S.K.: 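This is the structure, below, for whatever I ask next.
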Amino acid sequence: MPPLLEVGRLNVQFRGERGWVTAVEDASFTVAPREALGIVGESGSGKSVTALALLGLHPPGTRIGGSVRYGGADLLRLPPRAMRRIRGGDIAMVFQDPMSSLNPVLTIADQITETLRLHQGLTGAAARRRAVELLDMVRIPDAARRLDEYPHRMSGGQRQRVMIAIAIACAPKLLIADEPTTALDVTIQAQILDLLRELQERLGMSVMLISHDLGVIAEFAQRVMVMYAGRVVELAPAAALFARPLHPYTELLLRAIPPVDADVARLPTISGAIPDPEERIDGCRFRPRCPFAQASCAIEPPPLLEAGNGRLTRCPPRLAA
Amino acid sequence: MRELRRLSLRFLNAVPVILLVAVLTFFLMHLLPGDPAVVIAGQDASPQAVARIRTQLGLDRPLPEQLLVWLANLARGNFGTSLALNQSVLAAVLDRLPVTLSLAAISLAITVPLGIGAGVIAGYKRNTWIDQSVMVIALLGVSLPGFWIAILSVILFSVQLKWLPSGGYVPLAQGAWPWFASLIQPAVVLALFQIGFLARMTRSAMLDVLDQDFIRAARARGVSEWSAVIKHAFRNTLIPVVTAAGIILSLLIGGSVIVEQVFALPGIGRLIVQAILARDYPLVQGTMLLLGFAFVAINLLLDIVYLLVDPRVRYE
Amino acid sequence: MSEAAVAGGTRLARRRRFPILRRLLRHGSFRIGLVLVLVLVIAALCAPLITNVDPTAMRIRFRFRPPSQDFLFGTDMFGRSVFARVLYGARLSLWIGLAVALLSGAVGAMIGVLSAQWRRLDGLMMRLMDALAAFPAIVLAIGLGAALGPASGSLIIALTMAYVPRTARVLRASALVIRELDYVEAARVSGAGSLRIVLRHLLPNCMSPLLVQMTFVFAYAILAEAALSFIGIGPPPPAPSWGNIVAEGRDYAVEAWWIMLFPGIAISLAALGMNLLGDGLRDVLDPRMKIET
């Protein structure tokens with residue numbers, strides 16, 4: 001089956017105080033129809049920037065390179081008008097902070113029907129009926145009444161449900177969820193993830209779930225892409241990745257998850273911090289924090305290597321071992 | 001319901017403010033060093049004249065009694081009587097109201113679209129040459145003294161080009177064009193400061209809103225640039241702008257005092273200046289009081305507008 | 001510890017010593033504003049050193065001389081040097097601006113912070129501020145100036161009263177935010193009295209908005225003073241103030257344009273300088289502040 005979305009050597013650069021700063025470097029990956037792809041990494045790893053770049057939502061003054069193939073077109077070279085048809089129509093997005101992602105001066109109805117009008121030409125009573133259906137789908141009780149409320153009357157979890165309702169309004173082929181549960185309480189997190197999984201099933205869409213939380217990824221994704229300091233360091237089917245991580249960074253991330261069934265006095269942590277994007281690190285960018293670093297790691301940036309069974313890793317020394 | 005409660009609360013709050021405005025203007029007169037009657041009559045007035053003024057204004061009675069009489073008069077709609085004009089303060093103010101209202105209306109009609117428009121464009125085009133030039137002009141607007149610009153403008157448009165009259169007021173009854181021509185120059189001069197003020201404020205409000213997540217979320221669902229700016233950002237930008245509308249109107253009235261003076265427009269501002277120069281204190285006092293009342297009323301109106309603009313307030 | 005480490009440490013410390021000042025000096029509008037204001041302040045302070053001409057000395061022989069080498073800004077209808085008058089006028093204008101900014105800042109800060117801390121005071125104080133703010137600044141100054149008599153002192157009091165309400169409101173809003181912060185809460189829980197909280201926490205943390213506010217008030221006060229002097233409600237002549245020089249030159253604006261031109265430019269530069277300083281201070285100290293009243 002051909003992929004739904006094919007990202008080729010995506011590069012994103014921002015203007016820093018001293019010249020251009022690379023936020024994403026040569027990221028290549030695909031999303032298959034109906035697939036749930038998880039992207040994991042610490043904050044600053046470039047995962048959100050990748051998602052925003054796909055839809056052209058990066059801040060002005062950003063330099064973008066590479067290609068994003070979708071439906072026979074390259075999204076990066078699409079004229080604005082065509083891009084807007086994709087956004088919210090074919091590819092929709094849910095953001096991290098539901099408290100600030102809804103416009104405070106417009107009602108819930110305004111914001112849902114706006115999408116319906118833009119992409120499906122639905123207006124008036126028809127749009128309203130559809131909006132009620134959507135709120136029902138995301139399990140907001142008493143949908144017809146709540147439709148005319150303003151966002152500030154709703155809790156964070158409810159607002160995230162509204163955001164999801166807006167995102168699925170036009171039955172998108174791909175839903176990009178950027179840290180959709182991070183800002184929510186733990187109990188609500190699980191509900192939102194369940195909802196996303198159910199909607200994915202029901203609408204037959206692909207989901208790209210971005211999170212810093214491996215637990216969330218483990219629960220949701222079929223395939224996982226691990227990013228570190230702007231580079232993809234590992235890409236693998238979820239089961240295989242969790243069973244046997246190939247990249248040292250992934251391994252350390254996994255070890256830092258508290259096991260559910262055992263008491264541990266102290267969790268191992270990864271020493272050091274994610275490097276400042278403006279800082280120059282030769283060779284492998286994880287090297288300063290890597291317990292397995294060798295002299296060769298400093299020489300040149302390691303390539304992303306095939307490791308069999310659809311796996312990729314950016315750590316030649318460990319692959320050789 | 002909540003809206004009603006909030007509104008009635010605001011009306012209740014306005015009551016002590018009105019009272020305080022009245023008391024403040026009362027004491028204004030009594031700040032006069034020495035005997036107000038002497039100051040009003042002039043240093044070389046005869047003792048009889050001073051005594052007459054003293055009884056006329058009730059200055060011979062104790063202060064608390066004077067205050068009560070003052071408030072009681074106000075309650076009956078009596079704002080005092082001018083010494084120089086032989087006219088009640090209310091009548092004098094009402095006579096000149098059309099001039100000041102016309103001036104303010106034209107000035108506001110220039111200020112609001114230009115100020116808000118410039119601010120929105122500058123904010124949207126932030127850090128481009130468009131933004132920078134708009135902001136330099138706005139900065140000049142809030143820095144150049146209006147009365148000086150007025151003189152320069154008269155030299156250019158009235159003396160050199162002879163396009164517009166250099167002063168004087170033509171009532172609307174004598175034709176719309178003469179009326180407009182007599183006011184357009186003062187109105188533009190008066191508007192400059194407020195345009196600059198409004199543009200600077202709108203721009204920073206706009207920058208604030210454009211950085212919000214909900215703007216990005218709107219773009220993510222395929223909203224056009226125009227709609228993202230106008231429908232999603234602009235209404236949020238209006239919230240702080242409406243909050244500052246009272247200040248803008250206050251600047252407008254303050255500025256009109258000066259502009260009326262330069263262009264010899266017989267409005268309320270000129271009335272109050274002439275009253276001061278003629279030592280007509282009851283007229284100064286009464287005019288200030290009426291202006292104060294008008295502002296309390298305007299601020300109440302703005303509260304209602306605010307309620308319409310920001311749904312969050314409606315539910316508080 | 002090695003010597004290199006110590007040296008590195010001090011270098012770091014030096015780089016970090018005045019971070020706010022450094023950021024201000026890198027701010028374009030702040031720099032321009034600072035230069036403008038400094039030039040005017042120095043000119044005002046050193047007026048007797050810059051010119052030995054008495055600004056009030058009339059020399060009818062030299063009436064209406066256009067700007068030239070002998071009369072830098074020309075002379076007015078009494079043959080007085082416009083240059084000397086503008087220079088000495090700077091003293092009065094800047095002094096009034098400074099006094100109004102400082103006084104309204106002090107009074108406004110006090111009212112604002114106290115209302116934020118003692119909520120029972122709040123209602124009354126804010127109503128009083130509403131009442132004062134109901135009079136446009138110029139109108140209030142005219143009324144008070146009329147009552148107190150034409151002198152720079154009464155102008156200062158009048159303009160101060162006009163600008164106190166806005167300063168008080170800005171400071172109250174900041175103080176209300178700060179008093180809810182965790183560390184102030186902690187101080188309260190650990191038994192700090194109200195006065196201590198006001199002095200130790202609220203006032204010092206409100207300094208940024210206060211400073212920004214005072215800078216803008218300075219600019220407004222310069223403009224207001226000039227306007228009031230212009231319409232004849234200001235310090236009485238013959239003492240030069242920028243506003244009354246423009247007023248005197250107004251009748252000769254076409255033939256002897258220099259009389260009104262130079263004081264007008266001086267007013268503009270002073271207000272421009274203060275506004276630029278205010279913009280810089282706001283951007284660096286208090287980037288969240290929206291209303292620049």
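Chain letters run A, B, ... following the sequence lines, proteins first, then strands; residues in each count from 1. Computed from heavy atoms alone, side chains included, the values below leave out hydrogens, waters and symmetry copies. Note that this is a predicted model, so its numbers are computed, not measured.
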S.K.: Out of B/N13, B/I253, B/L252, which one racks up the most heavy-atom pairs below 4.5 Å with chain C?
M.R.: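 Ranked by contacts with chain C, first place is B/N13.
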S.K.: Counting heavy-atom pairs under 4.5 Å with chain B, which one of C/L276, C/I222, C/I142, C/L228 comes out on top?
M.R.: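 The residue among C/L276, C/I222, C/I142, C/L228 with the greatest pair count is C/I142.
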S.K.: Write down the atom of B/M288, the atom of C/F135, and the distance for their closest heavy-atom approach.
M.R.: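 Closest approach of B/M288 to C/F135, heavy atoms only: O-CE2, 3.3 Å.
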S.K.: Can you name the nearest heavy-atom pair linking C/P136 to B/F295, along with the distance?
M.R.: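 C/P136 and B/F295 have their closest heavy atoms at CG-CE1, 3.8 Å.
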S.K.: Testing the basics here: between B/P145 and C/I267, what is the closest heavy-atom pair and its distance to 0.1 Å?
M.R.: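 Scanning both residues completely, I find the closest heavy atoms to be CG-CG2, 3.7 Å.
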S.K.: Between C/L269 and chain B, with a heavy-atom cut-off of 4.5 Å, which part of the residue counts as in contact: side chain, backbone, both or neither?
M.R.: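 Answer is neither: C/L269 stays 4.5 Å or more from chain B.
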S.K.: Would B/W148 and C/I265 count as a side-chain contact (heavy atoms from CB on, under 4.5 Å) if you check the C-alpha gap in whole Å, the side-chain angles of each, and the deciding distance to 0.1 Å?
M.R.: CA-CA 9 Å; B/W148 184 63; C/I265 291 175; 3.8 Å; yes
S.K.: Can you say whether B/L19 sits under 4.5 Å from chain C via the side chain, the backbone, both, or neither, judging by heavy atoms?
M.R.: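 Answer is neither: B/L19 stays 4.5 Å or more from chain C.
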S.K.: Looking only at heavy atoms, what is the nearest atom pair of B/L139 and C/D279, with distance?
M.R.: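 So the two residues come closest at CD1-OD2, 3.9 Å.
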S.K.: Can you see which heavy atom on B/S143 is nearest to which on C/A271, and at what distance?
M.R.: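 Closest approach of B/S143 to C/A271, heavy atoms only: O-CB, 3.3 Å.
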S.K.: Check the pair B/F147, C/L223 against side-chain contact (heavy atoms from CB on, under 4.5 Å), reporting the backbone distance first and the verdict last.
M.R.: CA-CA 10 Å; B/F147 60 91; C/L223 289 173; over 6 Å; no
S.K.: In terms of heavy-atom pairs under 4.5 Å, which option from B/N299, B/V257, B/L24, B/V241 contacts chain C the most?
M.R.: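 Among the listed options, the one with the most contacts to chain C is B/L24.
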S.K.: Closest approach of C/R250 and B/V262, non-hydrogen atoms and distance?
M.R.: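 In terms of heavy atoms, the two residues are closest at NH2-O, 2.6 Å.
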